Amino acid sequence: MPAQNEKMKAYWRKNLQTLFILLIVWFVVSFGCGILFVNELNEIRLGGYKLGFWFAQQGSIFVFVILIFVYVVRMNRLDREFDVDEE
């Protein structure tokens, strides 16, 4: 039983690590690119629009959807690694 307990602690630790990394990316994209670095990003144009504006309006949404898929893939790998998958 102690080995199983350590295995679940390691699983939870990797789960929290994944969440923390994805939340940092989410924060940097939404707050950093949309608010803090908008003036610097507006020097670059993407499809005729300033990059800061694009991140604030559309780019952050794309990144959020990508983060969801990254989370799903990462958690499926963790589940298989620690033998807690549903299959």
Side-chain angles (χ1 to χ4, degrees):
M1 196 62 145
Q4 183 71 13
N5 194 16
E6 288 301 318
K7 185 178 176 182
M8 288 298 108
K9 283 183 181 180
Y11 172 77
W12 186 243
R13 189 170 29 256
K14 285 193 176 186
N15 185 356
L16 289 178
Q17 181 183 23
T18 300
L19 284 173
F20 184 69
I21 291 169
L22 294 178
L23 285 173
I24 288 173
V25 171
W26 177 57
F27 175 78
V28 168
V29 169
S30 64
F31 192 72
C33 294
I35 298 172
L36 294 178
F37 309 121
V38 71
N39 292 331
E40 291 82 6
L41 289 173
N42 279 340
E43 299 297 321
I44 303 168
R45 293 200 172 265
L46 180 68
Y49 297 99
K50 295 178 180 179
L51 189 59
F53 173 79
W54 185 84
F55 261 109
Q57 299 302 315
Q58 295 174 346
S60 59
I61 295 171
F62 291 140
V63 172
F64 299 156
V65 171
I66 291 168
L67 286 176
I68 291 169
F69 285 109
V70 168
Y71 178 75
V72 167
V73 168
R74 176 70 177 143
M75 288 310 298
N76 284 335
R77 285 184 189 158
L78 274 178
D79 288 350
R80 283 191 301 275
E81 179 183 337
F82 287 93
D83 198 28
V84 293
D85 56 336
E86 297 175 0
E87 295 173 5

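Source: prediction; values computed, not measured. Count residues from 1 along the sequence.
- Counting non-hydrogen atoms of neighbouring residues, nucleotides and ligands closer than 6.0 angstrom, the OH atom of Tyr11 exceeds 12 such neighbours.
- Cluster membership check: Phe55 shares its hydrophobic cluster with Phe64, using side-chain heavy-atom separations under 4.5 Å among Ile, Leu, Val, Met, Phe, Trp and Tyr.
- To the nearest 0.5 Å, atom OH of residue Tyr49 and atom CD of residue Gln57 are 10.5 Å apart.
- Partners of Arg45 according to the side-chain contact (heavy atoms from CB on, under 4.5 Å) rule, which considers only residues two or more places apart in sequence or in another chain, are Lys50.
- Residues Leu16 and Val84 fall within the same hydrophobic cluster, defined by Ile, Leu, Val, Met, Phe, Trp and Tyr side chains chained together at heavy-atom separations under 4.5 Å.
- Leu78 contributes atom CG, which lies 12.0 Å from atom CZ of Arg13 (distance to the nearest 0.5 angstrom).
- Both Trp12 and Met8 belong to a common hydrophobic cluster when Ile, Leu, Val, Met, Phe, Trp and Tyr are linked at side-chain heavy-atom distances under 4.5 angstrom.
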Determine all donor-acceptor pairs shorter than 3.5 Å in which one atom belongs to a side chain in residues 18-44; sequence neighbours excluded.
residue, atom, partner, partner atom, Å
Thr18, OG1, Lys14, O, 3.0
Thr18, OG1, Arg74, NE, 3.2
Ser30, OG, Trp26, O, 2.9
Asn42, OD1, Gly52, N, 3.1
Asn42, OD1, Phe53, N, 3.3
Asn42, ND2, Val38, O, 3.2

